[in-house]
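Only one structure is covered here, and it is reproduced in the block below.
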Protein chains: 2
Amino acid sequence: MRLTTKGRYAVTAMLDLAYHSPSRPVTLTDIATRQTISLSYLEQLFARLRKAGMVKGVRGPGGGYKLSRDSSQINIADIIEAVDEQVDSTKCGGEGNCQNNQPCLTHDLWMGLSDQIRSYLKGISLGSLLEQDMVSEVARRQDMDMEKVIDLPVTLQEKITA
Amino acid sequence: MRLTTKGRYAVTAMLDLAYHSPSRPVTLTDIATRQTISLSYLEQLFARLRKAGMVKGVRGPGGGYKLSRDSSQINIADIIEAVDEQVDSTKCGGEGNCQNNQPCLTHDLWMGLSDQIRSYLKGISLGSLLEQDMVSEVARRQDMDMEKVIDLPVTLQEKITA
DNA sequence: TAAATAATTGACTAATTTACTGGGTTTTAC
DNA sequence: GTAAAACCCAGTAAATTAGTCAATTATTTA
């Protein structure tokens, strides 16, 4: 279990999706705009999340991504593990044999620590995060900000098509 | 709070130090040999650990590094924070203003999560890790392995000085 | 005092991972 | 049949990790 910015991006995007998803599929373009993450990078992350069976892609106009389970059934640890390649190895190819064919201190200690962190993050679901006032408040404000930002291009586009 | 291999190296090295330290200063060369970490990389890590006041360097022959506090008073979170540059920023230079001059979901969510992980790791000290049978057992075995490797040079040196 | 030891400092490099860009192709609603 | 969106792939820039090399400084011991 590693905690990096990559995992944070994934968790943030999934939380955005969980907040907007129940109604209709959410496009990655929307998430990219709201969370200021590169669209193509999001595509990479969601390819992994999809393979992990956490989201479903809906193609075509009006499409986007939906959670494949209820937000209360998706936990943070799973999200992070889906996008992080498990760079276990570390030296001990898998079974602890990095030091004279025996497990090293590194292996035992860190595996134990990260197991505990993993189980801690497994106890936190997207749903439980959404219930926190602070989170939903920020999400609501981002929706309003987005309307402001998007408004101009949309009206321009209408003028163009008109 | 990030969890990377860099932090693991630091924690492992500190645990090795804690195990051997009470008696005498421990050289980075010894730690590098036992934990198979590059000596120069260890030097970089210990420069940070020293600045953070967690270890004291003892120069000259018979020197090395010692813990500056009892191992029960040094926790894992402090070690990781000492070696990881705080790549908070993330975009929100410090005070959440990354999104239209207001805190973003990323910031609030992840800061909250990593705060909880931090406080969790703060509750684990080097001392408490050493009390675990598995850890001390591996450490003891590493000492024996090392003697085998080091024995030849030492006896040669005695012959030379004799 | 000289020699050896070991920390300390700093600049530099290679490898890996992260983040992003840009081009495409499918699928599907309208 | 056209536009919206997922999906796919190759490449690349930036950042981080990991390591090397070469010095300097402090200290002990002989």
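Sequence lines set the chain letters: A, B, ... in the order given, protein chains first and strands last, and positions in each chain run from 1.
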Under-4.0 Å salt bridge between B:Asp84 and B:Lys6: no

Out of D:dT17, C:dA29, C:dA19, whichever nucleotide has its closest atom nearest the side chain of A:Thr5: C:dA19

B:Lys6 NZ to D:dT17 P, straight-line distance once rounded to whole Å: 5 Å

Given DNA chain D, 5'-ward residue of the pair A:Gly64 and B:Thr4, judged by closest heavy atom: A:Gly64

Backbone N/O of B:Met54 and side chain of B:Ser68: donor-acceptor pair under 3.5 Å: yes

Rounded distance in Å - CZ (A:Phe46) to P (D:dC7): 11 Å

Touch class at under 4.0 angstrom, heavy-atom based, for B:Leu28 against every strand present: sugar-phosphate

Phosphate OP1/OP2 of D:dA18: any B:Tyr41 side-chain N/O under 4.0 Å: yes

Phosphate OP1/OP2 of C:dT8 contacted by B:Arg50 side-chain N/O (<4.0 Å): yes

Ring geometry between B:Tyr9 and B:Tyr41 (parallel below 30°, tilted from 30 to 60°, perpendicular above 60°): perpendicular

Given D:dT16, C:dT5, C:dT8, the nucleotide with the shortest approach to the side chain of B:Arg2: D:dT16

Distance in angstrom units between A:Leu45 CG and D:dC9 C1', rounded: 16 Å

Interatomic distance where OH belongs to B:Tyr9 and P belongs to C:dT16 [whole Å]: 12 Å

Nearest-Å distance for atom pair CD/C1', residues A:Gln44 and C:dG22: 12 Å

Of the listed nucleotides D:dC8, D:dT20, D:dA5, the one nearest the side chain of B:Ser38: D:dT20

OP1 or OP2 of C:dA29 under 4.0 Å from side-chain N/O of A:Arg24: no

Sugar-phosphate, base or nothing in reach of A:Tyr65, heavy atoms under 4.0 Å: sugar-phosphate

Side-chain donor/acceptor contact of A:Arg59 with base of C:dT28 under 3.5 Å: no

Atom-to-atom span, CG of B:Leu39 to P of C:dT8 - whole angstrom: 12 Å

A:Lys56 NZ - D:dA5 C1' separation (whole Å): 17 Å

A:Ile76 and A:Leu126: CA distance, side-chain angles, deciding distance, side chain to side chain contact (heavy atoms under 4.5 Å, CB included) verdict: CA-CA 7 Å; A:Ile76 307 302; A:Leu126 287 179; 4.3 Å; yes

B:Thr12 (side chain) donor-acceptor with B:Arg8 (main chain) under 3.5 angstrom: yes

Sugar-phosphate only, base, or nothing, as touched by A:Ser40 at under 4.0 Å among non-hydrogen atoms: base

d(CG, B:Leu49; P, C:dT8) in whole Å: 11 Å

